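Keep in mind that what you see is a predicted model, and the values were worked out from it rather than measured.
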Amino acid sequence: MNGPVVHDAWTLPVDDNINSYAFSVDLNGQWFLQRGKMVAYYGQIDFQGVGLGHLDHLIAHSFHSPLHAAEWVVAEGRGKMVLADRAFDVNSYDLDDGNLSIRSGNLLAFQPSLSLKQSIVPGFLTLIGTGKFVAASNGPVVFMEPPIRVDPQALVGWADCPTPCHHYDHAYLRGFLGGIRAHTGIGGASGEEHQFEFVGAGTVLLQSTEEVVAEISVGETGGTGS
Amino acid sequence: MLAVDLTGDSVKAKNGAMVAYEGEMTFKKKTGGGEGLRGMVTRRLTGEQMAVMEVKGHGTCYFADRASEINLVSLNGEKLYVEVGNLLCTDSALRTGTSFTGLRGSSQGNGLFTTTVEGTGQAALVSLGTAVVLRVTPQTPLQVDPGAYIAHTGGLEQHFQAGVNFRALIGESGGESFQIRFEGDGLVYVQPSERNTIGGEV
């Protein structure tokens with residue numbers, strides 16, 4: 001029979017991609033995942049909301065992001081778990097005693113050996129420590145080295161380098177006509193007058209489109225996670 | 001996109017799914033999914049309605065649906081259970097029908113019934129992102145998110161599983177509260193994204 005590859009509980013990859021859009025986690029213990037990103041699983045796995053009962057110790061160690069508490073669950077048990085997000089590209093990344101900031105809607109799951117904190121940049125989360133995490137992006141991710149200026153919508157995250165700052169194209173804004181255009185929108189703006197600027201040593205992660213992965217707005221709690 | 005070569009034979013496809021063709025083709029709307037009067041009444045009653053056309057001719061016909069991924073399933077006498085919205089095209093030798101799914105259907109907001117495809121030939125399924133095919137054996141039952149399920153084959157028993165505990169009732173749920181549990185022997189097709197279900201994006 002020709003047709004798609006058939007996976008079973010044993011042949012599903014161990015902590016690796018099944019295809020561009022689906023990722024398989026070999027769970028033996030605990031993982032954090034964003035609400036609603038699990039599509040299927042084999043084995044015995046329990047899903048618990050963050051901040052509940054016997055998980056207090058784990059939360060104290062790995063979760064420092066109260067604004068996002070309602071979006072996260074802890075998967076606990078043994079088995080293989082398939083993760084996916086609205087048919088976006090998913091990939092896993094290893095962090096080795098490092099730090100990485102990522103747009104909160106892009107992060108799907110992470111190992112509890114990492115610690116999740118809120119970045120001081122609104123809408124971003126920071127992972128610190130050693131371990132694996134899974135992130136979604138609209139199109140494949142490209143890795144760049146600073147110094148670099150990037151389009152705000154294309155930015156997925158950054159690792160090890162200092163927090164970015166805004167950069168405005170002043171030559172353009174200073175001109176009389178350009179100033180009117182940029183401030184009023186009359187005559188149209190190119191949309192590229194404003195960038196995020198990265199300096200120092202590290203890595204910048206970009207997605208290959210300017211369409212941001214939609215997320216729950218920061219500060220929103222409860223609801224169904226839609 | 002799916003290309004189908006026809007040499008005088010015919011295929012059944014979702015109404016309006018043709019995007020291009022080469023050669024001579026005729027398109028005929030089949031009332032009631034080509035299942036006769038009884039099928040028509042059943043589909044009307046169950047809400048599992050399917051607008052189907054029969055494509056006949058010589059040449060190549062191209063089908064597509066909202067840029068979704070297309071997955072081919074070969075059937076050798078087995079029965080394929082599929083959500084009607086995910087069925088794009090079938091060989092005309094395959095018989096389609098409806099069957100009762102129980103609670104699983106209602107959890108998806110897709111009604112209590114699903115479409116079956118039976119016989120020998122190929123069927124094309126659409127999914128948002130390439131579908132993942134997962135094998136279920138008696139030793140390894142599978143739990144699937146209702147919003148990601150698209151189809152299954154084989155002798156599988158499905159249970160609606162609510163992982164709702166006391167805390168879920170007071171607002172802090174695990175977020176993965178509803179699952180379909182498949183037990184037995186067969187294959188389950190899962191898409192890497194979730195439809196809206198009655199329980200929200202669970």
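At least one side-chain heavy atom of A:Tyr21 sits under 4.5 Å from a side-chain heavy atom of B:Thr130. Between B:Tyr149 and A:Val39 the shortest side-chain heavy-atom distance does not fall below 4.5 Å.
Considering all non-hydrogen atoms of both residues, B:Ser193 and A:Ala87 come closest at CB-N, 3.4 Å. In plain terms, the two heavy atoms of A:Tyr42 and B:Gln143 that are nearest each other are CA-OE1, 4.4 Å. Listed here is the closest heavy atom pair of A:His7 and B:Val132: CD2-CG1, 4.2 Å.
Comparing B:Leu142, B:Val188, B:Leu128 by heavy-atom pairs within less than 4.5 Å of chain A, the highest count is held by B:Leu142. Comparing A:Ala75, A:Ser20, A:Ala40, A:Gly79 by heavy-atom pairs within less than 4.5 Å of chain B, the highest count is held by A:Ala40. Counting heavy-atom pairs under 4.5 Å between each of B:Val144, B:Thr137, B:Thr140, B:Val190 and chain A puts B:Thr140 at the top.
For the side chain to side chain contact (heavy atoms under 4.5 Å, CB included) with B:Leu134, the qualifying choice from A:Ile18, A:Leu12, A:Val6 is A:Leu12, the only one to do so.
If you measure heavy-atom distances from A:Asn19 to chain B, the contacts under 4.5 Å come from the side chain alone.
By the neighbour-count criterion of 12 heavy atoms within 6.0 Å, atom CD of B:Glu24 is sparsely surrounded, having that number or fewer from other residues, nucleotides or ligands. Other residues, nucleotides and ligands place more than 12 heavy atoms under 6.0 Å from the CD atom of A:Glu197.
Considering only residues two or more places apart in sequence or on other chains, B:Lys56 meets the salt bridge (charged side-chain N to carboxylate O under 4.0 Å, His left out) condition with none of them. Listed by chain and residue number, A:Phe63, A:Phe110 satisfy the ring pair (Phe, Tyr, Trp, His ring centres under 6.0 Å) test with A:Phe32 (two or more places apart in sequence, or in another chain).
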